[in-house]
2 protein chains.
Amino acid sequence: MRIGQLAQLVGVETQTIRFYEQQGLLPPPDRQDNGYRVYTEKYGEGLAFIRRCRILGLSLAEIHELQSYQDDPHQPCTAVNALLDDHISHVRSQITALQALEKQLVSLRASCNDDREVEACGVLAGISEGNMHQQ
Amino acid sequence: MRIGQLAQLVGVETQTIRFYEQQGLLPPPDRQDNGYRVYTEKYGEGLAFIRRCRILGLSLAEIHELQSYQDDPHQPCTAVNALLDDHISHVRSQITALQALEKQLVSLRASCNDDREVEACGVLAGISEGNMHQQ
DNA sequence: TAAAACTATAAAGCTACTATAAGGTCAATA
DNA sequence: TATTGACCTTATAGTAGCTTTATAGTTTTA
Ligand SMILES: [Zn+2]
Ligand SMILES: [Zn+2]
Ligand SMILES: [Zn+2]
Ligand SMILES: [Zn+2]
């Protein structure tokens, strides 16, 4: 299987596969005589794992960490679970921050009812004067 | 006023001010004979405007757009309000996505009660097998 | 046989800065 | 006077996770 087929199979771009390889998240595959990469189907599982981690918002560094745990399967999984707990709390604090931001934006938006000139726009005035009641 | 004082006044780093200038978000200030940048207090208002926009999560491109409206103060403010509406919907969709993600992560986390070996870790198994019931 | 499609590497671009390097300017001090 | 220290200058690289571009070689297809 060549890189294009693997890419299609997993649903990534070929460059992304090369990028992961370069970053050390995927092992260098065998090469044909012409230099083309050759992959087994099993290789695709590793790639799919990375993609699912990315969909879960894990960073490449976190994925790398998970892989290192997989390489040592008889250790207790405390670190794996802790990594996920950390990530969950990252996500939660992002949500909190964005919710506060949304509130601010909505109240700013409420300060203008279209149909004004830019000069008198409540939104621009609100930002300019800094009446951004924080939090 | 030199760049260090302006930076302290507004609460930014000097490099950030130079960066905004380079990006065309701030006009090039006058220079002393020795090449040092000289600022008026009024200049600080423009900088503070940018900072407040950034706190509201606006991109530099969006800020640039707002500035172009400010330069034409007798137009209707429809575009300003539309920009903010767009931004609010960006923020909302980010929140929605993160909330869905959190749910997934929490359910993944629940599939493992520490005290296992990595080999049997519910979290790793969950990611590997792709039982990530996408919402 | 010649074009289309695929592969390779290397390098730049994206966002919004931050950090580093190497050097010039200025006031105060030893 | 020499030097320290704080400030300023520009240019360049680094951050994350790819994507895009450039250039070139290979395979497949028409
Ligand atoms: Zn994380
Ligand atoms: Zn308005
Ligand atoms: Zn936006
Ligand atoms: Zn576990």
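Note that the structure is a prediction, hence the values are computed from the model and not measured. Protein chains get the first letters and strands the later ones, always in sequence-line order, with residue 1 at the start of each.
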Given atom [atom1] of [X] and atom [atom2] of [N], what is their separation to the nearest angstrom?
| X | N | atom1 | atom2 | result |
| --- | --- | --- | --- | --- |
| B:Asp33 | D:dC7 | CG | P | 21 Å |
| B:His64 | C:dT15 | NE2 | C1' | 16 Å |
| B:Met1 | D:dC8 | CE | C1' | 16 Å |
| A:Gln32 | D:dG25 | CD | C1' | 14 Å |
| B:Asn34 | C:dA27 | CG | P | 10 Å |
| A:Tyr36 | C:dT7 | OH | C1' | 4 Å |
| A:Arg37 | D:dT27 | CZ | P | 15 Å |
| B:Tyr39 | D:dC7 | OH | C1' | 14 Å |

May I ask you to check whether B:Arg51 and B:Tyr20 show a side-chain donor-acceptor distance below 3.5 Å?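 Indeed, the side chains of B:Arg51 and B:Tyr20 share at least one donor-acceptor pair under 3.5 Å.
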
For D:dG17, does OP1 or OP2 lie under 4.0 Å from any side-chain N or O of A:Arg51?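 A:Arg51 to D:dG17 OP1/OP2: no side-chain N or O under 4.0 Å.
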
Starting at the 5' end of DNA chain D, which residue's closest nucleotide do you reach first, A:Ile50 or A:Arg2?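 Nearer the 5' end of the strand: A:Ile50.
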
At a heavy-atom distance below 4.0 Å, what parts of residues 8-29 of chain A sit against DNA chain D?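 The answer is A:Gln15, A:Thr16, A:Phe19, A:Tyr20.
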
So, the side chain of [X] versus the backbone of [Y]: is there a donor-acceptor pair under 3.5 Å, distance only?
| X | Y | value |
| --- | --- | --- |
| B:Arg2 | B:Val38 | no |
| B:Thr14 | B:Gly4 | no |
| B:Arg109 | A:Asp85 | no |

Could you give the distance from CG (A:Leu84) to NE2 (A:His87), rounded to the nearest 0.5 Å?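 Interatomic distance, A:Leu84 CG to A:His87 NE2, rounded to 0.5 Å: 7.5 Å.
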
Choose from C:dC26, D:dC8, D:dG17 the nucleotide whose nearest atom is closest to any side-chain atom of B:Ile3.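 Closest nucleotide among those given: D:dC8.
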
B:Arg37 vs B:Arg18, test: side-chain contact (heavy atoms from CB on, under 4.5 Å). Steps then yes/no. CA-CA 10 Å; B:Arg37 290 170 177 82; B:Arg18 293 193 197 100; 3.5 Å; yes

Does any non-hydrogen side-chain atom of A:Ile50 lie less than 4.5 Å from one of A:Arg54?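 Heavy-atom side-chain distance check passes, below 4.5 Å.
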
